[in-house]
2 protein chains.
Amino acid sequence: MEHNSDRCRSHCPINFVLETFGDKWTLLVIRDLMFHGKRHYGEFLASDEGISTNILADRLQRLERDGIIEKEVDPSHRSKVIYRLSPKGRDLLPVLLEITRWSGKYDSKSNAPKAFLTELQKDRRRLAARVLATLDEADDR
Amino acid sequence: MEHNSDRCRSHCPINFVLETFGDKWTLLVIRDLMFHGKRHYGEFLASDEGISTNILADRLQRLERDGIIEKEVDPSHRSKVIYRLSPKGRDLLPVLLEITRWSGKYDSKSNAPKAFLTELQKDRRRLAARVLATLDEADDR
DNA sequence: CGAAGTACTTGTAAAACGCAAGTACACAGA
DNA sequence: TCTGTGTACTTGCGTTTTACAAGTACTTCG
């Protein structure tokens, strides 16, 4: 039983987190962390899309400030820094999966493997669980 | 049975559609179309976020070029233009819903209604169906 | 100790954006 | 028919952001 103003229909959600989703490089860094096992500054820098070093430094700082990633000096190699997704960051997986699905369906430039897209359609939960398990495995050491 | 290079773990998807997801204003326009029933240039312009008119014109043009929205002169008011989501555009709903979920969970500035978030968690399909039905209802005239 | 690796910082030119004003067409009333 | 208003843009320009190149600081390795 809703009688809304003309500014707002029967459902009226959403206020975006624009610094996260409205920025190209932020999403690419999260993608690299989530799917490509990247952890070091130089690895992000080496992505095909070619992020500039000053922009990367800025985005990593914002992501840490917003609690999406966590930063740690590599204990075994103290000139390196390890970046990891926090639980809040890992919880972005469903968003990335839906972007992957849409991208794979409509974008000819998508390079998502067919097996991945198929499993995404058939058993999304299992796929998500596997991705998260891989993250755990990589980070627990 | 996969043995990948170190550039690519056991799963290795994703190539983003960066012009769509990596841009703040593009996502906001899609949000307004999907959830707020907006159809006219002036309505997008009036969003709280305050998009500039030249940027709005640019984004609408890109969205139409990419087949995400469709443009039509309003038959009953020929100085007005109606913008609608295409099927490809409507298929972005799952992405927006996941963004809404994450945003509602972690962003204190999120203004998504609790009832919406609850239904999103409990019966995502029904919620999605309702949103799409509302779009159909609004566009079939 | 010197060279190479890693993570940044700084400077500068190019690009994108924000803001204000202006244009073009449709419509409604005098 | 003329005038004013509504709607959808376009244009110009100053500001901000980005891209590219170079430089700095700390660490590791031989």
Side-chain angles (χ1 to χ4, degrees), chain A residues 6-7 16-33 36-66 68-85 138, chain B residues 6-7 16-33 36-66 68-85 138:
Chain A
D6 48 26
R7 290 186 54 203
F16 282 142
V17 185
L18 293 167
E19 287 201 358
T20 304
F21 300 108
D23 179 75
K24 171 185 176 181
W25 298 117
T26 301
L27 275 176
L28 286 174
V29 169
I30 296 171
R31 174 203 64 178
D32 285 346
L33 284 163
H36 294 159
K38 297 188 181 180
R39 295 293 178 270
H40 303 297
Y41 194 90
E43 292 177 308
F44 302 120
L45 215 52
S47 288
D48 289 342
E49 288 83 4
I51 186 171
S52 302
T53 176
N54 54 345
I55 304 298
L56 176 59
D58 176 78
R59 295 304 187 275
L60 287 171
Q61 193 179 326
R62 288 192 201 180
L63 283 167
E64 191 194 9
R65 181 200 64 192
D66 296 340
I68 294 171
I69 66 175
E70 290 159 356
K71 197 177 167 179
E72 179 199 2
V73 173
D74 190 331
S76 64
H77 207 98
R78 280 184 307 169
S79 69
K80 284 190 176 183
V81 175
I82 299 177
Y83 295 98
R84 290 190 182 92
L85 287 168
Chain B
D6 49 25
R7 290 188 53 202
F16 282 142
V17 186
L18 293 167
E19 286 201 359
T20 305
F21 299 108
D23 180 75
K24 171 185 177 181
W25 297 118
T26 302
L27 274 176
L28 286 174
V29 168
I30 295 172
R31 175 203 62 178
D32 285 346
L33 284 162
H36 294 160
K38 297 187 180 180
R39 296 293 179 271
H40 303 296
Y41 194 91
E43 292 177 307
F44 302 119
L45 215 52
S47 289
D48 288 341
E49 288 84 4
I51 187 171
S52 302
T53 176
N54 53 344
I55 303 298
L56 176 59
D58 176 77
R59 294 304 187 278
L60 288 171
Q61 193 178 327
R62 288 191 201 180
L63 283 166
E64 192 194 9
R65 180 200 65 193
D66 296 340
I68 294 170
I69 66 174
E70 289 159 357
K71 198 175 168 180
E72 179 199 3
V73 173
D74 190 331
S76 63
H77 284 279
R78 280 182 305 168
S79 68
K80 283 189 177 184
V81 175
I82 299 177
Y83 295 97
R84 289 190 181 92
L85 287 168

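- Per the geometry, CG belonging to N54(B) stands 16 Å off P belonging to dG14(D), to the nearest Å.
- A close approach under 4.0 Å does occur between a side-chain nitrogen or oxygen of W25(A) and OP1 or OP2 of dA19(D).
- Residue V81(B) is the one, among V81(B) and I51(A), whose nearest nucleotide of DNA chain D lies closer to the 5' end (criterion: closest heavy atom).
- Remark: Q61(B) CD is loosely packed, at most 12 non-hydrogen atoms of other residues, nucleotides or ligands lying under 6.0 Å away.
- Distance, K38(B) NZ to dT7(D) P: 14 Å, rounded to whole Å.
- One atom, CG of L45(B), and another, P of dC19(C), lie 11 Å apart when rounded to the nearest Å.
- Here dT24(D) presents its P atom at 17 Å from OH of Y41(A), a figure rounded to the nearest Å.
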Give the B/S/- string for nucleotides 21-30 of chain C, one per nucleotide from 5' to 3', where a protein heavy atom under 4.0 Å of the base yields B, of only the sugar-phosphate yields S, and otherwise -. B----SS---
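- Scored by the side-chain hydrogen bond (donor to acceptor under 3.5 Å, both in side chains) test, D32(B) finds H36(B), S47(B) as partners (sequence neighbours excluded).
- Look at K71(B) and you'll find a side-chain N or O under 4.0 angstrom from OP1 or OP2 of dC9(D).
- Inter-residue side-chain proximity for E19(B) and D23(B) is flagged as unmet; no heavy-atom pair is nearer than 4.5 Å.
- With hydrogens and angles disregarded, a donor-acceptor distance shorter than 3.5 Å links the side chain of Y41(A) to the backbone of T53(A).
- In this view, E70(A) and S86(A), P87(A) satisfy the side-chain contact (heavy atoms from CB on, under 4.5 Å) rule, not counting sequence neighbours.
- For H40(A), the side-chain contact (heavy atoms from CB on, under 4.5 Å) partners at least two apart in sequence or on another chain are E43(A), D74(A), K80(A), I82(A).
- The side chain of I55(A) sits closest to dT18(D) out of dC9(D), dT18(D), dG18(C).
- Here the P atom of nucleotide dG18(C) and the CG atom of L56(B) are 12 Å apart, to the nearest Å.
- Annotation: side-chain contact (heavy atoms from CB on, under 4.5 Å) contacts of E64(B) (sequence neighbours excluded): I69(B), K71(B).
- Nearest nucleotide to the side chain of K80(A), out of dG12(D), dT6(C), dC9(D): dT6(C).
- Rounded to whole Å, atom P of dT16(D) lies 17 Å from atom CD of E19(A).
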Does the side chain to side chain contact (heavy atoms under 4.5 Å, CB included) test come out yes or no for F44(B) and L33(B), once each step is laid out? CA-CA 9 Å; F44(B) 302 119; L33(B) 284 162; 3.6 Å; yes
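- Going from atom CG of D58(B) over to atom P of dC9(D) covers 12 Å, rounded to whole Å.
- Of the inter-residue distances, the one linking I51(B) atom CD1 with L56(B) atom CG reads 4.5 Å to the nearest 0.5 angstrom.
- Checking G50(B) against I82(A), the closest nucleotide of DNA chain C that is more toward the 5' end is the one next to I82(A).
- Protein atom CG of L18(B) is 12 Å distant from nucleotide atom P of dA19(D), rounded to whole Å.
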Might you list the N or O atoms of the protein lying below 3.5 Å from N or O atoms in nucleotides 2-5 of chain D, with each pair's distance?
none

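- Side-chain contact between W25(B) and E49(B): present, with at least one pair of heavy atoms (C-beta onward) separated by less than 4.5 Å.
- Nearest to the side chain of R59(A), among dT18(D), dA8(D), dG11(C), sits dT18(D).
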